[in-house]
J.: 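The following block contains the structure, expressed as structure tokens.
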Amino acid sequence: MGRHRAQFRPPARPADPTGVGQERARAAHSALPAASPRASARSALPAASPRASVRSALPAALALATALGGCAVPDSTLATAGTTGTVETALGWTVLGVSSAVVLITWTLVLVASLRARRKPLPAEGLFSAGGGGMTWIMWGGIVLPAIVLTGLFVFNALALRALTSPGKPFGANIEVIGHQWWWEVRYFGNSPDQIVTTANEIHIPVGEPVRVQLATADVIHSFWVPPLSGKTDLIPGQKNVTWLEAKQPGIYWGRCGEYCGAEHALMQLRVFADPPAQYSKWLAAQKAPAAPPTTAETRTGQAIFNGIGCANCHSIGGTPAGGAVGPDLTHLMSRSTIAAGSLPLTRGNLAGWIADAQGLKPGVYMPTMAVKPAQLHALLAYLETLR
Amino acid sequence: MATVTVDTAPIERLKETWEGKGGLWGWLTTVDHKKIGKLYLATSVVFLLIGGVEAGIMRAQLAWSNLRILSPGVYDQLFSLHGMTMIFWYASPILSGFSNYIWPLLIGSRDMAYPRANALSYWLFLMSGVFLYTSPFLGQAPNAGWFAYVPFTLKPFNPGLNMDFYALGLLFLTVSATVGSIVFIGTIMKMRATGMTLTRLPIFMYGTMTASFANLFALPALTTALVFLYFERTFHMPFYAVGGGGRPLLWQHLFWMFAHPWVYIIVLPAMGIVSEVIPVFSRRPLVGYPIVAMSTVATGIIGFGVWLHHMFATGLPNLSLAFFSGASTLIVIPSGIAVFSWIATMWTGRPVFKTAMLFAAGFVALFVLGGVSGVVTAMVAYDWQVTDSYFVVAHLHYVLIGINVFGVMTGFYYWFPKMTGRLLNETLGKLNFWVMFIGVNVAFFPMHITGILGMERRIYTYPAGLGWSVPNLITTIGAYIFAAGFFLFLVNVWYSLRAGEVAGPNPWDAGTLEWSVPSPAPAYNFAVLPTVRSGYPLWEGRLLRRGRPPAAAPSPALARTPDAVGARAPDMAPDGSLVFRGPLLLDGKETFATSPLDAEPMSVLRMPEDSLLPLLLSLFMLAFFYGAVFKLWWLVAAGAGAMLLTIVAWTWPRSMEGGSVA
């Protein structure tokens, strides 16, 4: 048989193997008000956030190496910034380290056993008898050493489990996260109805204080997962699961749904903003206020359209008759950084695209395509932009 | 190899008795375990290819961020079918294929127990696959993953036929798996050669025996879960829906109580294959055979106590989590025993690297890598980060491909000469191995990284800016390399069937019974039914002599044995196995039944002739399930009635004087 070299052709792409250039281009593109809502909607980077631009500047290829080193790569479960995450991270590094050692040792043994065969003399009649000290291998490598190592790992694991049960200090906030297909409803508990804050897809927490998160779901099983801060906990119908978060440093932490929940499970993200306590209090106070009434003619027209074409059937706006409970609360829409459960940066273009063609951006989502004329759309957008 | 002189008249009589009809009719009515084994193997490979194509399409979609080649609806059906096809319609049946072909040859018998039921398990498997794969042509393939969590699979969220195909297709397959397990258990308990006690049983059979018992205990949980699902969807009985008093976690418990043992069912026989092959190519018996046999059974038993590790994030109490985390850690020990047995066998022997041994060594390496990522996920506190992420996808593919697929490849390269009479080409084989080994590592190692970087499972696309794009691209490339490697295997098979080197009875100089018969194995398997006195009957003389010259003449005790046929092979131990002398059993299709523990002969079994009934029963069951999925109750009733009539025909008493079955 003739030997020939296989010809591998890399996929036809511009010469940019790390993907940096493409990600930078996307970030730049999304910062501009896009002529076509669809084109800008393609980008998932919120250009406004400084952290995002840092993110986009990271060569993705380096991410492979730096992830293991725990450098500023977002969402590495081995470089976490939260209290629970830290315990999990320590356990993670340890068990991954032990695993790597085991792989190295056994692969070396297999390799050496294979290579030294060539210099071994052939046995009589081509067969070795039983014996030869083989059982020692099994005793030490198969039983004693694994038992010791695994016991150690398990003890570490059990201690971690205990440490993660509660933060050991009072909670700074008490929130409820309700999963929907395919967005997150976030409610801050309060002592009276006007103290309750309802928002969507974005959680603000005070830095250095643990936050109790109660989990519920409106439909199917979801899972609440903010990798830089903590492991995941499922949202299960009929069950009240509880978890807690604590960020040790200010920042924006990306999370997502961790349990397959239908067509758009892939685009069910959320953002956790860890703010210094004063900033957090200011944010919470602003969220408690109802929406300011529209003042200009255009925005009043926009509000009329909002109530007229059916938005109010699904969305609520505090201080107005709009009280729909199917979709996200829009009272302070403009205070958020993304729409469509974290998958689109909140820009005028994306908002227009979402209203006009939600199905094109996130197929299967329960937001219908709204038939709005361009003039109506402009008024509607003007109104929505007052919801700060 | 000793030459054996056997009187040819008995051979002709055996051929006439045991060879079934030829042609298509012969294949449709066969009860010959060798033909059934080949059917299982070929059909499983077809399902492997279908699952592979599904994976290839998904990997194209995931090669870079924000690609939109597929809609989410199509992607969800693809990943669900991929999982179901690989785990149910490929991984277990292919091991059944090897077991079917090889077991009677390994244990010195002429067939499996219950040959018609054996054929039935194959036809049910095929028909269940046909049933399942009707669904993509209707655009309604299962779309909730192979794990199908409620309430997403219930009518309000999944109104189409997708999940009905899921529930009924799997129920259909479980019938096949149950029947097959009963056949295997009957065979291993009652049809071993005289003298083949449990301490002399080939290690491969421990793997499949454990898997068969585990099947019988695990499948009822799945059946319950699926029946509940189908009845809730069709007749509105609230087993799972909270509104009616049900519990979503009920599904998860029932499903994982089955599915975790199932993953051991699909790896333990493959581990057994490698435990057969490594000794042969290391030129020595397996190190620690008794402890490896016990660890196989222990893995199967402990495997029933770890299912909750799939549910660590569901909010269960810490005590439960700790218990199951502990059990999941404990189960590493029997696997470690097996790994070090293989390493010790290679180390204290002298490995010869034919392709089968290359795959076996690659198997050991991938087994360890997959196993340690399992230890990572067993640590519940870190599992909360990596469960439902690509880390788990990496783990499961390393264990399933590393253990099942590489074990299967080892089995193919080892037993192909016995099945076909030709050797697979060694040059192509080595290329095949390296391309597959490189491909699997390039494809699946980066998934550990994307999982650690927070990439969740079961997503049809992912955003840019998270560092996921490059590892995913590498994975896609690796997947296609792996596919090319498997394609090389198919080329090797096609080429070797036509022009491969002709193999004699024992091309590998192996020690177990299947290598004492011609290649390919004749229809009657053994002319002379053997008696064994050790685990390696063809080696025992050399092993005991340790270099001393063979005995000049047979011992006086054996010279008195009445039914000697032909010359005694000179390298047999003085009171050793009788492989070429013994009873012939020529009065029709006969073989021995022996006692379960000590393998003393108890009776002579009369094996059935070829029959169309297994195929008919499977076709009627197919009609039954079509009725159930399309809610055509008349078809359900007609199918059930026809099945009942077929069973009556099957079990109709018949006379012993040469009366033939339908």
Side-chain angles (χ1 to χ4, degrees), chain A residues 1 19 23 44-45 55-56 60-61 63-64 67 73 75-78 88 91-92 95 99 102-103 106-107 109-110 113-114 117 120 124-125 127-130 132 134-135 137-138 141-142 146 150 154 157-158 160-161 220-221 227 231-234 236-238 241 256 258 260 263 266 363-364, chain B residues 71-73 145 149 151-152 157 242 248 283-285 287-288 313-315 318 322 329 332-333 336-337 340-341 343-344 346-351 361 364-365 368-369 372 376 379 381-382 384-385 388 427 449 452-454 456 458-461 463-467 469-470 539 542-543 546-547:
Chain A
M1 269 191 78
E23 292 175 352
L45 290 171
R55 208 197 309 285
S56 69
L64 281 166
V73 173
D75 294 11
S76 166
T77 61
L78 291 177
E88 293 163 346
L91 180 60
V95 69
S99 303
V102 169
V103 169
T106 43
W107 284 37
L109 287 172
V110 171
S114 312
K120 220 170 164 177
E125 296 190 272
L127 279 183
F128 289 93
S129 307
M135 285 303 289
W137 286 89
I138 294 182
L150 291 171
F154 182 71
N157 174 49
L161 202 54
V220 300
I221 296 179
K232 56 179 72 70
T233 309
D234 288 353
I236 300 176
N241 286 344
R256 55 194 61 95
Y260 176 67
Chain B
S71 71
Y149 280 179
F152 179 65
F157 301 103
V242 175
R283 311 309 298 148
R284 63 151 292 153
V287 168
T314 54
N318 272 0
T329 311
V332 175
I333 305 272
I337 289 172
F340 276 88
S341 159
I343 293 179
M346 289 174 69
W347 193 278
T348 57
R350 188 185 189 276
V364 175
V368 172
L369 217 165
V372 294
V376 174
M379 300 291 120
Y382 190 63
W384 284 333
Q385 286 281 26
D388 259 313
T427 314
I449 298 187
I452 289 172
L453 290 179
E456 74 272 37
R458 299 151 185 162
I459 51 175
Y460 73 99
T461 189
L466 288 167
S469 305
V470 169
W539 280 357
R542 287 182 279 170
L543 289 174
R546 298 174 205 257

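Below, read A as the first sequence line, B as the second, and so on, with proteins coming before strands; counting in each chain starts at 1.
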J.: Tell me, out of B:G73, B:S341, B:G336, B:A365, who's got the most heavy-atom pairs with chain A below 4.5 Å.
T.: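 The answer is B:A365.
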J.: Can you say whether A:A158 sits under 4.5 Å from chain B via the side chain, the backbone, both, or neither, judging by heavy atoms?
T.: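 Neither part.
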J.: Mind ranking B:V287, B:V332, B:I337 by heavy-atom pairs under 4.5 Å with chain A and telling me who comes out on top?
T.: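 Of B:V287, B:V332, B:I337, B:I337 has the most heavy-atom pairs under 4.5 Å with chain A.
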J.: B:V364 versus chain A, heavy atoms under 4.5 Å apart: side chain, backbone, both or neither?
T.: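 B:V364 touches chain A through side-chain heavy atoms alone.
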J.: Answer with side chain, backbone, both or neither: which region of B:T329 has an atom nearer than 4.5 Å to a non-hydrogen atom of chain A?
T.: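 Both backbone and side chain of B:T329 come within 4.5 Å of chain A.
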J.: What part of B:F157 is in contact with chain A, defined as an atom under 4.5 angstrom from a non-hydrogen atom: side chain, backbone, both or neither?
T.: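 The side chain, not the backbone.
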J.: Among B:A344, B:P72, B:A313, which residue forms the greatest number of heavy-atom pairs with chain A at distances under 4.5 Å?
T.: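 Winner by heavy-atom pair count: B:A313.
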J.: Answer with side chain, backbone, both or neither: which region of B:Y149 has an atom nearer than 4.5 Å to a non-hydrogen atom of chain A?
T.: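 The side chain, not the backbone.
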J.: Give, as side chain, backbone, both or neither, the part of A:I221 having an atom under 4.5 angstrom from any heavy atom of chain B.
T.: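 Looking at A:I221, backbone and side chain both touch chain B.
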J.: So which part of B:V242 gets closer than 4.5 Å to some heavy atom of chain A, the side chain, the backbone, both or neither?
T.: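 For B:V242, the side chain is the part near chain A, not the backbone.
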J.: I need the minimum non-hydrogen distance between A:A113 and B:P351, along with the two atoms involved.
T.: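 Nearest heavy atoms, A:A113 then B:P351: O-CG, 3.8 Å.
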J.: With sequence neighbours left out, what residues match A:P146 under side chain to side chain contact (heavy atoms under 4.5 Å, CB included)?
T.: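 By the side chain to side chain contact (heavy atoms under 4.5 Å, CB included) rule, A:P146 matches A:L150, B:I333.
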J.: Between A:T233, A:V102, A:L109, which shows the greatest number of heavy-atom pairs under 4.5 Å with chain B?
T.: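 Among A:T233, A:V102, A:L109, the one with the most close pairs to chain B is A:L109.
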J.: Working to the nearest 0.5 angstrom, can you tell me the gap between B:W384 CH2 and A:T77 OG1?
T.: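 Here the rounded value is 14.5 Å.
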J.: Among the options B:G145, B:A322, B:A361, pick out the one with the most heavy-atom pairs lying under 4.5 Å from chain A.
T.: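 Of the options given, most contacts go to B:A322.
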J.: So, B:R350 side chain and A:F128 main chain: donor-acceptor pair closer than 3.5 Å or not?
T.: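 Checking the backbone N and O of A:F128 against the side chain of B:R350, no donor-acceptor pair under 3.5 Å is found.
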J.: Over 60° means perpendicular and under 30° means parallel, so classify the ring planes of B:W347 and A:W137, tilted if in between.
T.: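 Correct class here is tilted.
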J.: Rounded to the nearest 0.5 Å, what separates atom CE in B:M379 from atom CG in A:L91?
T.: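 Result: 7.0 Å between the selected atoms.
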J.: I need the minimum non-hydrogen distance between A:I138 and B:G288, along with the two atoms involved.
T.: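 Looking at all heavy atoms of both residues, the closest pair is CD1-CA, 4.0 Å.
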J.: At a 4.5 Å cut-off on heavy atoms, which part of A:N241 comes close to chain B: side chain, backbone, both, or neither?
T.: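 The side chain, not the backbone.
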J.: With rounding to the nearest 0.5 Å, note down the distance linking CG in B:L369 to OG1 in A:T106.
T.: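 The distance works out to 8.0 Å.
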J.: Do B:Y382 and A:N157 pass the side-chain contact (heavy atoms from CB on, under 4.5 Å) test, and can you show the C-alpha distance, the side-chain angles, and the key distance before you say yes or no?
T.: CA-CA 8 Å; B:Y382 190 63; A:N157 174 49; over 6 Å; no
J.: At their closest point, which heavy atom of B:G349 faces which heavy atom of A:K120, and how far apart are they?
T.: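 Heavy atoms of B:G349 and A:K120 come nearest at O-NZ, 2.6 Å.
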J.: So, taking the atom named OG1 in B:T314 and the one named CD1 in A:I236, what distance separates them when rounded to the nearest 0.5 Å?
T.: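 Going from OG1 on B:T314 over to CD1 on A:I236, the span is 5.0 Å.
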J.: What distance do A:M135 atom CE and B:T348 atom OG1 have between them, rounded to the nearest 0.5 Å?
T.: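 Output value for this atom pair is 11.5 Å.
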